[in-house]
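The structure appears below as structure tokens.
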Number of protein chains: 2
Amino acid sequence: MNIADQTFPAVDNANEDRAQAIRDQLRDAIVDRRLAPGTKLSEGEVGTLFDVSRTVARAALQMLSFEGLVRTERNRGAFVANPSPEEARQVFASRRLIEPGIAIAAAGRITPADVAAFKAQLEEEGRFIAERGPSARRSEIKASGDFHLLLASVAGNVILQRFMEELVARSSLVIALYGRSGISSCGHNEHLQILQALENGNAERASALMLHHIDHIEADLDLRVRSGPALRQALES
Amino acid sequence: MNIADQTFPAVDNANEDRAQAIRDQLRDAIVDRRLAPGTKLSEGEVGTLFDVSRTVARAALQMLSFEGLVRTERNRGAFVANPSPEEARQVFASRRLIEPGIAIAAAGRITPADVAAFKAQLEEEGRFIAERGPSARRSEIKASGDFHLLLASVAGNVILQRFMEELVARSSLVIALYGRSGISSCGHNEHLQILQALENGNAERASALMLHHIDHIEADLDLRVRSGPALRQALES
DNA sequence: TAAGCAGAAATCGTATGCAATCTTTTCTGC
DNA sequence: GCAGAAAAGATTGCATACGATTTCTGCTTA
């Protein structure tokens, strides 16, 4: 899979930041696995694809590098990140620390409008699970992440919200890389339960459910190191 | 206080990333309050000061903007961040979520070499507290932050470590802005207690002490909004 | 005197050019 | 036929150029 095979919607953003728009599109492509880990993202190609100069493309890649979705090597360029099992564990360890607290904060602030948004979100999530095929599976991973992002926005702490954006994006990548099959419907169920606890104002329960939910997501990964790290590295791109 | 009044050590970094070196120096200057909140950081001036082109200066400013130490406005430029009381509260809320967990992780991984590093660090911290004057006070804020960064590095999660780097930097800015006087020695004492708990392998105690410590730091801030937000904004630069 | 308004100056956003570095191909000697 | 060296090509790092936007300045006018 090469970046040149991708097609991206035109970047319209009349007067907004074009680099940011490109970053968003690339991030979606990475999280969806339309761009495989290890894929080279050359400044020239990205620029050509989005019809901007290398300057702008470079800024977008720098942003992704900050988020950990792209790894850059000096004088060599940018590549889609290929997180190791250890990195994957750290991502989930971070989420275990942060998300139960976010759930508690959200329980104290959730409004009826938020609840409605959650329900719409979960309904969409359910639709993707019903479907089959790799495209639906990608949409499902994305929708599942959106639940957590919505929760973070309800919690009302913009710093944690940004941390969660990074963690969710990296989780999606990790799930695409190391995920087994049957996780999905189970996760959906847990989302429903969490929402119910939030609706009832039961912060403790929401927090505990969230912790279990994260454990379940991680438990459904296969994080065993398959071969020696040397071989792994040699094959990685 | 203008950026042009600052002097910066030469950026020698033979073959490393120059933008990163500039970011580090600017970050230090911001955290130390040698650059006051609201100060304009124009690309041209930064470039001239560090003897690089605007391209490189711009990249450094972009990094600081990601970390929240600098706020950029389109077509207007970059300014040293001027965190509001609400932002300050969110910084500490984030730390309350993350740092107790970091303390627990660190308790399980700390080595004798780490303990020695902590002791050296705390001794230096003590020296700055003994001194008086604004320069010592700045060093003290910095040293206090370094304790938390050292702890994060011992915990062994690079993602959380990066989050903590951002949170500590923003905390230093907040303390410089909203801090009252007498916090210091108290905080130092608490650092010592936390280290002791870590040495004893008492993870729960280290975690609880850390939570209290963060509460104390925040309690020593004056986060009341002084005037209407409109006035505040009007005066901010 | 204060407000309004043009023109100038400064600053930003972006494209492009050149040197340095890395990668790939081709050539040479064994 | 193959290993190593040299050249060609591609890509990045950085500086600079130029149009667009904002800010400053000094003049005019009520």
Side-chain angles (χ1 to χ4, degrees), chain A residues 2-6 8 10-26 35 38-66 70-81 233-237, chain B residues 2-6 8 10-26 35 38-66 70-81 233-237:
Chain A
N2 191 295
I3 183 168
D5 306 331
Q6 293 287 317
F8 294 99
V11 174
D12 54 346
N13 59 81
N15 55 358
E16 244 197 85
D17 200 340
R18 293 196 279 171
Q20 210 158 310
I22 292 171
R23 176 201 60 175
D24 292 343
Q25 303 231 359
L26 285 177
L35 288 171
T39 305
K40 167 141 205 207
L41 303 173
S42 93
E43 298 174 356
E45 263 180 305
V46 172
T48 306
L49 271 168
F50 288 97
D51 204 43
V52 295
S53 76
R54 274 181 51 216
T55 308
V56 175
R58 190 184 175 82
L61 291 172
Q62 195 191 349
M63 293 192 232
L64 289 168
S65 156
F66 273 108
V70 152
R71 156 181 54 92
T72 62
E73 294 176 27
R74 184 175 176 89
N75 279 322
R76 286 192 17 93
F79 305 82
V80 177
Q233 209 160 28
L235 298 173
E236 86 179 342
S237 84
Chain B
N2 191 294
I3 183 169
D5 306 332
Q6 294 287 316
F8 293 99
V11 174
D12 54 348
N13 59 81
N15 55 357
E16 243 197 87
D17 200 342
R18 294 196 277 172
Q20 209 158 311
I22 292 171
R23 176 201 59 175
D24 290 344
Q25 303 229 0
L26 285 177
L35 288 172
T39 304
K40 168 142 202 204
L41 303 173
S42 94
E43 298 174 355
E45 261 180 306
V46 172
T48 307
L49 272 168
F50 289 96
D51 203 43
V52 295
S53 77
R54 272 181 54 217
T55 307
V56 175
R58 189 184 176 82
L61 291 172
Q62 194 190 351
M63 293 191 232
L64 289 168
S65 157
F66 273 110
V70 151
R71 157 181 53 92
T72 62
E73 295 176 28
R74 185 179 174 87
N75 278 322
R76 283 189 21 88
F79 305 83
V80 176
Q233 208 160 27
L235 298 173
E236 86 179 343
S237 86

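Proteins get letters first, then strands, A, B, ... in listed order; numbering begins at 1 in each.
- Residue contacts shown for Ser42(B) are limited to sugar-phosphate atoms, with no base heavy atom under 4.0 Å away.
- Residue Arg23(A) comes nearest to Phe66(B) through the heavy atom pair NH1-CE2, 4.4 Å, listed as atom of the first residue, atom of the second, then distance.
- Listed nucleotides: dA15(C), dT16(D), dT12(D). Nearest to the side chain of Ser53(B): dT16(D).
- Nearest heavy atom pair, residue Arg18(A) against residue Asp51(A), reads NH1-O, 4.4 Å.
- When the side-chain nitrogen and oxygen atoms of Arg58(B) are compared with OP1 and OP2 of dG13(C), one or more of them lie within a distance under 4.0 Å.
- Here the P atom of nucleotide dT11(C) and the CD atom of Glu45(B) are 7 Å apart, to the nearest Å.
- Residues Ala19(B) and Ala59(B) come closest through the heavy atom pair CB-CB, 3.9 Å.
- Contact record, Asp17(A) with Arg74(B): CA-NH1, 3.9 Å, taken as the closest heavy-atom pair.
- Comparing Gly77(A) and Thr55(A) by the nucleotide of DNA chain D that holds the closest heavy atom to each, the one mapping nearer the 5' end is Gly77(A).
- The two residues Ala78(A) and Val70(A) come nearest to each other via the heavy atoms CB-CG1, 3.7 Å.
- Here the closest heavy-atom approach between residue Leu35(A) and residue Thr39(A) is recorded as C-OG1, 4.1 Å.
- Counting only heavy atoms from C-beta outward, the side chains of Thr72(B) and Leu61(B) never approach each other to under 4.5 Å.
- For Glu43(B), the side-chain hydrogen bond (donor to acceptor under 3.5 Å, both in side chains) criterion is met by Arg54(B), Arg58(B), not counting sequence neighbours.
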Open item on the list: Within the 4.0 Å limit for protein heavy atoms, which parts of nucleotides 19-25 of chain C are touched? Write it as a string from 5' to 3', B for base, S for sugar-phosphate only, - for none.
Closed with: --SSS--

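- Comparing dT11(C), dC14(D), dA17(D) against the side chain of Arg54(A) picks out dC14(D) as the nearest.
- For the pair Asp51(A) CG and dT14(C) C1', the interatomic distance rounds to 13 Å; values are reported in whole Å.
- Checking side-chain atoms of Thr48(B) against main-chain N and O of Gly44(B) turns up a donor-acceptor pair under 3.5 Å.
- Residue Glu73(A) contributes atom CD, which lies 21 Å from atom P of dA10(D) at whole-angstrom precision.
- Atom CG of Leu41(B) is separated from atom P of dC12(C) by 10 Å (rounded to the nearest Å).
- Looking at DNA chain C, the stems built from 3 or more consecutive Watson-Crick or G-U wobble pairs, each pair with its key distances under 3.5 Å, are C:1-30 with D:1-30.
- The separation between Lys40(B) atom NZ and dA10(C) atom C1' is 8 Å, rounded to whole Å.
- Atom CD in Gln20(B) sits about 12 Å away from atom P in dG13(D), given to the nearest Å.
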